[in-house]
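Just so you know, these numbers come straight off a predicted model, no measurement behind them. All residue numbers refer to positions in the sequence shown, counting from 1.
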Amino acid sequence: MTQSLLHQILDYANRADPYPLYEELRRTPVHHEGGDGPYVISTYYEIRSLLHDPRISSDARNLASQADDPLPEAPQGEGALPPGFLKLDPPEHDRLRRMTNRPFGPPHSPRRVDGMRPELHDIVTGLIDGIGDPGRIDLVEQFSYPFPVTVICRLLGVPREDEARFHGWADTLAASLDPDPDADPADRGKGAHDARMQLGMYLAGLIEERRKNPGDDMLSQLATAEGEDGPMTTMELLSTAALLLIAGHETTVNLITNGMLTLLRHPDVLERLRTEPRLAVPLVEELLRFEPPVQLVPQRTTLADIEVRGVTIPKGAALWLVLASGNRDPKRFTDPDRFDPDRPDIQHLGLGSGIHSCFGAPLARLETQLALSELARRLENPRLLQDPPPYRQNAVLRGPRELQIACDGIRR
C-alpha cells in the first residue's frame, strides 16, 4: 500500500465505507506504524478491556509525545476553557461527572429524560411539519441537526429567543472538528476561537443570571448545587456546559442520519418500524453497533507499560480504540456486516464502555427512537436521491454532511 492504514482511515475518500479497512486492521489487532504514532486497537474484546482498564488515561497531559499522531490534541490557547470531564481521569473526572449527573439522571433526577418525552415529540412534529417540498429534503439540515441542538438548548435552559445564536455557535464549533485540507487553518482556527469565546461569555452571563434567579433547567441546578462535592467553579460550569452542547448534540445528529440512511437501504425494516413502533428500541441498539456515530476514540494514553495480544505498549503511548471495528468483529458478533434489529445479543461499543461511557446515552437513545419512528410513520414512500451521500471530513464523528431524500407526501 502506498498509504498507511491509519491515513486511509482518515482519508475522506474512504468515509462512505470504512469497514473494509477495519477488517484489514483486525488482522493485526494491535497495529503500530512506528515512531511516536498511536497504537491502534481494533478487536472487540481488547477494546472493551482497555476501556475498563485504570492504566488507560483520557488526560492528554499524560501523553509522552504527539509528534507522529495524525489526530493531535488541539492546542489550548489563551481564553481556552479547561478540559471537560470527558478528558479527565479520576478523581477529577468522577467528581465532575457525579455533579453533572445529579440534575440529569438517577438517583437524584430519575425522571429528567423520560419527562422530556412530550417536548421531544413536539419538536419532532414541528420539524416534520415544516419540511416543505417532499420532493427534495435534506434530512441533516431540516431535521437531524436542528432536533438535538434544540433539545440541548431546552435541557440547559437557553431562552428560546437565544436558540438561533446557540445554533450558530454549535455549528461553527462542530465544523472545527472536521479536518478540511482546503480551508485556511488560520481562518478556521480564528472562527472556532471566536465562537468559543462568544459561547463562553454568553454562558457566563446565563450562569450568573441562573444563580440569582434559578429555574428548573439543568444549568440552574448545576449553578446552584450544594451537594456533597460542593459547587462547581464558574470555569468548571463553563467547561461542562460547552461539553454538553457539543457532545450532547453532535453524536445524535450522526446517529439519526446514519439511522435513516440505513433504514432507506433496508426498506423492509423501515416498513416494519412504521407499523411496529416498539421496534425502535432494539433497532437503535443495532444501529449503534452497525453504524455508530463515534467511530474511534483517539488520544487515550497508557499510564504504564501494558501488554495487549503479545504486544507491549509503552507508558505514555497514544492509543486509538476503533469502536466501529470492534462492533463488526466476527469473533464477537455473528454475521457482523448484516443489519439485524432482531439480533439477540447486542452488547455493542457504540456508546463506549467503562467510566467514560456516553454521559447522554439515555437522551440520545430516546431522541433517536422518537425521530426514526416519526419519520417512518409520516414520510410516504421515502427514498434516497443520492447513495452514498457526501460525508463530513471527520473520521472520529462519522456521518453524512447531507442526506438528500424524497417522498410522495407527509402524513398527518
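Donor-acceptor pairing under 3.5 Å is lacking for the side chains of T240 and R97. Side-chain atoms of T43 and E46 include a donor-acceptor pair closer than 3.5 Å. In summary, the side chains of Y202 and D162 do present a donor paired with an acceptor at a separation below 3.5 Å, with no hydrogens or angles considered. Inspection of the D122 and T125 side chains reveals no N or O donor paired with an N or O acceptor under 3.5 Å. Side-chain contact of S57 with T301: a donor-acceptor pair under 3.5 Å is absent, judged by distance alone. Checked by atom type, the side-chain pair S42/H31 shows no donor-acceptor distance below 3.5 Å. A side-chain N or O of E33 and one of S4 form a donor-acceptor pair less than 3.5 Å apart. Counting only N and O atoms by type, the side chains of R102 and S109 include no donor and acceptor under 3.5 Å apart. For the 3.5 Å distance criterion, the side chains of S58 and H356 qualify, holding a donor opposite an acceptor.
H93 approaches L88 most closely through the heavy-atom pair CB-O, 3.3 Å. Between A204 and L238, the shortest heavy-atom contact is N-CD2, 3.5 Å. Across L206 and P159, no two heavy atoms sit closer than the pair CD1-CD, 4.0 Å.
In this structure a side-chain-to-backbone donor-acceptor pair under 3.5 Å is present from E236 to T233. Between the side chain of R55 and the main chain of T302, no donor-acceptor pair closer than 3.5 Å is present. Using modelled atom types, no side-chain atom of N327 and backbone atom of F290 make a donor-acceptor pair closer than 3.5 Å. Without hydrogens or angle criteria, Q142 side chain to D138 main chain gives a donor-acceptor distance under 3.5 Å. For the pair S373 (side chain) and L370 (backbone), a donor-acceptor distance under 3.5 Å is absent. With hydrogens and angles ignored, the 3.5 Å screen pairs a side-chain donor or acceptor of R398 with a backbone N or O of R15. Between the side chain of S49 and the backbone N or O of Y45, no donor-acceptor pair lies under 3.5 Å.
One finds no salt bridge joining R48 and D53 here, because no Lys/Arg side-chain nitrogen approaches an Asp/Glu carboxylate oxygen to under 4.0 Å. Salt bridge annotation for R136-D133: absent, with no cationic side-chain nitrogen under 4.0 angstrom from a carboxylate oxygen. A salt bridge links D217 with R210; the closest basic N to acidic carboxylate O contact falls under 4.0 Å. Ion pair R272/D342 flagged as a salt bridge, since at least one NZ, NE, NH1 or NH2 atom sits closer than 4.0 Å to an Asp/Glu carboxylate oxygen. Salt bridge status for E271 with R274: present, with a side-chain N to carboxylate O gap under 4.0 Å. A salt bridge links E374 with R377: at least one charged nitrogen is closer than 4.0 Å to a carboxylate oxygen. Between R392 and E250 a salt bridge is recorded (basic side-chain N to carboxylate O distance below 4.0 Å). Classification of R160 and E119 as a salt-bridged pair holds, one side-chain N sitting under 4.0 Å from a carboxylate O.
Screening R289, R343, E285 for a side chain to side chain donor-acceptor pair (under 3.5 Å) with H348, the sole residue that qualifies is E285.
Stacking of R328 on the aromatic ring of Y19 is recorded, both the 6.0 Å distance cut-off and the 45° axial limit being met.
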